[in-house]
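Working notes, beginning with the structure itself.
Keep in mind the model is a prediction, meaning the values are calculated, not measured. Letters go in sequence order (proteins before strands), and every chain restarts at 1.
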There are 2 protein chains.
Amino acid sequence: MDNLIMVIFGGTGDLTHRKLMPALYNLQLEGSLPKRFAVVSVARREKTDEVYRGEIYESVKRYSRNRVDGENFKQLASRIHYYRLSFDYADGYIELKRYLEDMDGRHGTDGNILFYLAVSPENFEVVTTNLNASGLASSSTSWRRVMIEKPFGEDLTSAEYLNKCITTVFGEDNIYRIDHYLGKEMLQNMLAIRFANSLFEPLWNNRFIDNVQIISSETKGVENRGSYYEKAGALKDMMQNHMMQLLTLTAMEPPVDLSANSIRDEKLKVLKAIRPFTEDDIRRNCVRGQYGPGRIADKPVVGYREEEKVSPDSNTETFAALKFYIENYRWAGVPFYIRTGKRLNNDFTQIVIEFKFLPGIPYFKNNAEVSPNLLVIKVQPEEGTYLQFNAKRPGTRNTIQPVKMDFCQNCEVGVNSPEAYERLIYDAMIGDQTLFTRWDEVEYSWRLIDPISRLWRSEKADFPNYASGSNGPSEADLLIRKDGREWRSI
Amino acid sequence: MDNLIMVIFGGTGDLTHRKLMPALYNLQLEGSLPKRFAVVSVARREKTDEVYRGEIYESVKRYSRNRVDGENFKQLASRIHYYRLSFDYADGYIELKRYLEDMDGRHGTDGNILFYLAVSPENFEVVTTNLNASGLASSSTSWRRVMIEKPFGEDLTSAEYLNKCITTVFGEDNIYRIDHYLGKEMLQNMLAIRFANSLFEPLWNNRFIDNVQIISSETKGVENRGSYYEKAGALKDMMQNHMMQLLTLTAMEPPVDLSANSIRDEKLKVLKAIRPFTEDDIRRNCVRGQYGPGRIADKPVVGYREEEKVSPDSNTETFAALKFYIENYRWAGVPFYIRTGKRLNNDFTQIVIEFKFLPGIPYFKNNAEVSPNLLVIKVQPEEGTYLQFNAKRPGTRNTIQPVKMDFCQNCEVGVNSPEAYERLIYDAMIGDQTLFTRWDEVEYSWRLIDPISRLWRSEKADFPNYASGSNGPSEADLLIRKDGREWRSI
């Protein structure tokens, strides 16, 4: 693992406090940071290192999954510096460069720099342009990498523009686009489950699978992110990125090896094999929703339109459900049903593989309780797998009942799965792009979502159409029921 | 369900006391006996109904899985009668016939008779011949059925002779040959697991399965059955019957329907598809053992040759392990390893389906912990299924670890699986032969076992060759290790 300085643009922001610093602390705790390492947090406000470290201490204490002990924090804190910079002040970057050279000398970090753009996308261009102009963005003797947060554009066009700003400066191989779902244990586990077992892969196709459901359900509303969410909606906040990652890992062909680009090649092929939604597809196979008032955990909550910084006649969707097909040899004819929403009745993310029902043979035919086999990948909050199959009810002749086998990896005492950001920061430090999205993945996700988004923006919906704490709009149930199927969740 | 009289020959024997009467009591308890029903226990000793009922009460109290309450027992006891008969006294059967007609009138059992031969096989001929001669074995207005206990012969020739005695009198359709393993919940469940799920059947063949292991391990020794066991040995006591039933249910093709004969047709085909053992096969692929002294549950126990009624230089095997192939399209090339033994280190019966290892692809290849997938059918004492597969160890990159999903149907509080005899007696009462072995199954099992048995009898083994409380003879480990495999158990 190379020595390096991590430079965080947006060092006083929410993300830095809640995610990045706690992740760095946990990495420090388990000895996963480079031997020689420093963090330089860059932001607009004037602040001393001491004051900044004090603020970080409070955040780490609050958000780290591990208890914070003074000794370990002290070691981390001694490597954290604060640097004041106005992002649009070009000369400031030249001074920053000198400062970083100085820090590099003090910490012995071999000239390597990992930039983290924890800033809003409007700032991507100005920061990267200035980094480039100042000479900070390249070096012939050491490396430069950049980590970028979502949202990555608002549609294909804006994403393409953003991407050009960044790739011109850093090149695709040095860009680490974060989709924090990729840092979740069970998404990484999909590779192992699918390809480290001889049991599942033979069944993983349209001969044996009836349909695939990918469901992400949240009880939370938009909270204080109203102004962001008004522009995003469920489509761009969840569907274009996280849900597509769940989809591509589930549906991809076995990659030729487990290298980052081999895996990303296969994920991309999934997106390319989905036929673009026509207007007719959208009207028939896409459902949007927006929550009204209701109850969550027995407490009344307001509707979306009553939330802070949300328009009282907002047309933004807080729920989306899509049905589509992947048109390749593996999946032809298998519908994928994907749904995500806020203020629903439950918190979970699951991938449900529903196997085909029994063939039309005369076994157990009068038995109403025979259910299809289900393999469920539990992504969060429980992490694990669940298999539902049929067995004989004890003491009966041939009465069949569904039974389950369950594997819960984070239910065991003492298992404390690392946070997504720990894994992602660590991977960027060692230069492994596997869990980051390549540009073409982003591009083809936008190609899929753009037409839906355009049509939905252009037509006023009859919102709100589901109550907070409910199961979402009834149209989403109809979407799957008209195919003779049901949403599954365990 | 027809009304009937059940006539038990051997009504004072161990089987009647320990198994049949407790089973009848449990059936009474759950209302599964015919509306009009009586039991007539036939044996040599002079005894009144009252005395006999008192003895039965003690046995039911001791052996029933349910608590015995006075009211229910009284109801059962009022239907139990004792009849004294010397099995070889022909005229006695004529008197018995009159007695049963009288009982039939008193209990209103419509003339139907279910005979249960709870006697040693030496008596089968005399009992059936006399039943026939007395006219008891047939009726034009009601039915006759006969249940027979193992051991059913000592080899093919003697089994054929016994069978002729019985089939001449009753006909195959009225004969219920007991293999009490078929009454076990998980053996019945094999049909449901294999055929009420779309998940397992596609994998259930030589493309995906590496080998199948059927293992029955007992800690018990021969106890007070030395004189029986000396003649039987593990081959005839377990292998020819119970283990073959486990095998055929695991390996059979899907039957055309779930009727008794359709299922038995398929089970038979499995036995027919096993190539008869040649002398060379036996020497290479069959291992016998006999326990010496050792420790069970930390207590010293004697060796087999020191057991009561066992010859001090006995050549009888208390352990047998076989390897063979089923030569059909489904199983060609998949070795079946079957082992059973007494005084081993554990009590369990399991069927282990070991799936093929990962194909030679470069995933996870440096990962020593990748294990083959295992599906285990737990027959006893735990009843359930167990699936072992590989997943990523949380918090690691691609370190693979085996994880398990477990379904235990008798682990739940309140689940009290019926005893095999309850199910079997009930099935004979309603005339369902599914869980009974048809003659041709017995015949082909003997065809397989006979050559092994003959060779082993003819050559003195170097016994004892395993210590009580051990894992069996080391040759059994070699048998599978020379194929690069291991015995699996969970």
So for [X], is it side chain, backbone, both, or neither that comes closer than 4.5 Å to the heavy atoms of chain A?
| X | result |
| --- | --- |
| I209(B) | neither |
| N197(B) | both |
| P372(B) | neither |
| Y426(B) | side chain |

Item to complete: Mind checking the CZ-CD1 spacing from F195(A) to I400(B)? Nearest 0.5 Å is all I need.
Response: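 That separation rounds to 12.0 Å.
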Ignoring hydrogens, what is the shortest heavy-atom contact between [X] and [Y]? Give both atom names and the distance.
| X | Y | result |
| --- | --- | --- |
| S198(B) | F357(A) | CB-O, 4.3 Å |
| Q409(B) | K392(A) | OE1-O, 3.8 Å |
| L358(B) | A196(A) | CD2-C, 3.6 Å |
| F407(B) | M405(A) | CB-CG, 3.6 Å |

Worksheet item: Side chains of L387(B) and L199(A): closer than 4.5 Å at any heavy-atom pair?
Response: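 The answer is yes; the side chains approach within 4.5 Å.
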Fill in: Close side-chain approach of P202(B) and L203(A), heavy atoms under 4.5 Å
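Result yes, sub-4.5 Å side-chain heavy-atom pair found.
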Worksheet entry | Contacting region of I353(A) [heavy-atom separation from chain B under 4.5 Å] |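 Looking at I353(A), nothing touches chain B.
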Worksheet item: Relative to chain B, which of E201(A), E422(A), R393(A), E185(A) shows the most heavy atom pairs under 4.5 Å?
Response: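 Top option by heavy-atom pairs under 4.5 Å: E185(A).
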Worksheet item: Taking every heavy-atom pair that is under 4.5 Å apart, which of V256(A), L375(A), T385(A) has the most such pairs with chain B?
Response: T385(A)
Practice prompt. Could you check which of I193(B), D406(B), T434(B) has the highest count of heavy-atom pairs closer than 4.5 Å to chain A?
Written response: D406(B)
